[in-house]
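Reminder, nothing fancy here: chain letters follow the sequence lines and each chain counts from 1.
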Number of protein chains: 2
Amino acid sequence: MFRALADPNRRELLDRLHHRNGQTLAALCAGLAMSRQAVTKHLGILEGAHLVTTRREGREKLHFINPVPIYAIADRWIGKFERSRLAALADLKRTLEGDEHG
Amino acid sequence: MFRALADPNRRELLDRLHHRNGQTLAALCAGLAMSRQAVTKHLGILEGAHLVTTRREGREKLHFINPVPIYAIADRWIGKFERSRLAALADLKRTLEGDEHG
DNA sequence: TTGACATGCAACCTTTTGGTTGCATAATAG
DNA sequence: CTATTATGCAACCAAAAGGTTGCATGTCAA
């Protein structure tokens with residue numbers, strides 16, 4: 001999954017999906033300095049990493065972001081290196097932000 | 001930084017540094033199916049991504065892990081996609097694990 | 001100084017990655 | 001059916017990543 005996130009173009013695609021979920025391939029291509037096929041490949045890699053899921057809608061293919069793997073990885077890596085320190089930070093942060101997790 | 005974490009060997013090196021911090025290059029090489037120079041390159045990339053810092057100690061170079069960028073990135077990406085949902089999850093998880101964050 | 005140890009630098013090679021072009025297939029519009 | 005739109009597949013290409021070998025530099029021990 002780190003490999004999938006390693007490319008700026010793929011992160012851009014995730015950004016776009018985050019901005020508006022369920023976009024078609026053509027929509028995701030718009031404005032990118034890249035061919036449609038290149039975008040297809042990137043989306044394929046993101047899908048392979050379970051960061052994006054798709055649904056066929058007639059002749060269109062809709063793409064949806066899936067944040068779960070990001071959480072899983074972050075949990076593992078943060079947990080590994082920073083569990084307690086970070087928990088305290090996150091705790092503090094939520095407190096400062098109004099304790100909206102209840 | 002995602003690029004730096006994208007390689008399994010580099011993650012292995014971080015694992016080793018997490019297990020025992022401040023190791024020399026030679027120590028980090030031990031048992032890896034890789035030449036010393038390959039490890040040097042990987043450590044250089046990790047250092048470039050600020051995931052590892054070094055200190056010269058005579059003829060040895062000690063390597064130290066730096067978890068801050070991992071936290072920064074995780075914060076940005078998790079915050080971006082899952083801030084509130086994740087806070088709830090993490091909270092639940094800590095609760096289930098015995099609420100050891102206090 | 002000499003020898004051994006620890007690391008640094010540079011050239012070179014192979015595989016993977018990211019990208020392109022061209023053609024094929026599938027579905028909607030007329 | 002035909003034309004158009006939306007996507008899929010495959011071959012091909014250039015650049016980058018990962019790795020190796022060989023040699024250079026710097027440090028400690030005797």
Trainee: Using a 4.5 Å cut-off between side-chain heavy atoms of Ile, Leu, Val, Met, Phe, Trp and Tyr, which other residues end up in the same hydrophobic cluster as A/Leu62?
Mentor: A/Phe64
Trainee: Is it the case that the side chain of B/Asn66 and the backbone of B/His50 share a donor-acceptor pair, with hydrogens and angles ignored and the cut-off at 3.5 Å?
Mentor: yes
Trainee: Should B/Asn9 be listed as having a side-chain N or O under 4.0 Å from OP1 or OP2 of D/dA17?
Mentor: no
Trainee: Please round to the nearest 0.5 Å and tell me the distance separating atom CD of A/Glu12 and atom NE2 of A/His19.
Mentor: 11.0 Å
Trainee: Mind listing the side-chain donor-acceptor pairs of residues 23-46 of chain B below 3.5 Å, one per line with the distance, residues two or more places apart or on another chain?
Mentor:
from    : atom 1 : to      : atom 2 : distance (Å)
B/Gln23 : NE2    : B/Arg16 : O      : 3.0
B/Gln23 : NE2    : B/Arg20 : O      : 2.9
B/Thr24 : OG1    : B/Ala27 : N      : 3.1
B/Ser35 : OG     : B/Ala38 : N      : 3.3
B/Thr40 : OG1    : B/Arg36 : O      : 3.0
B/His42 : ND1    : B/Arg10 : NH1    : 3.1

Trainee: Could you list the residues that satisfy side chain to side chain contact (heavy atoms under 4.5 Å, CB included) with A/Thr54, not counting sequence neighbours?
Mentor: A/Glu47, A/Val52, A/Lys61, A/His63
Trainee: Select from B/Thr40 and A/Met34 the residue whose nearest nucleotide in DNA chain C is closer to the 5' end of that strand.
Mentor: B/Thr40
Trainee: Would you please name every residue forming a side-chain hydrogen bond (donor to acceptor under 3.5 Å, both in side chains) with A/Arg56, sequence neighbours left out?
Mentor: none
Trainee: Below the 4.0 Å mark, does C/dC9 have OP1 or OP2 next to a side-chain nitrogen or oxygen of B/Lys41?
Mentor: no
Trainee: In the 5'-to-3' direction, what one-character label does each nucleotide of nucleotides 22-30 of chain D receive under the scheme B = base within less than 4.0 Å of a protein heavy atom, S = sugar-phosphate only, - = no such atom?
Mentor: B----BS--
Trainee: Under 4.0 Å from OP1 or OP2 of C/dG19: is there any side-chain N or O of A/Ser35 that close?
Mentor: no
Trainee: Would one find a side-chain N or O of B/His42 under 4.0 angstrom from OP1 or OP2 of D/dG19?
Mentor: yes
Trainee: What nucleic acid atoms does A/Ala26 come within less than 4.0 Å of, heavy atoms only: base, sugar-phosphate, or nothing?
Mentor: sugar-phosphate
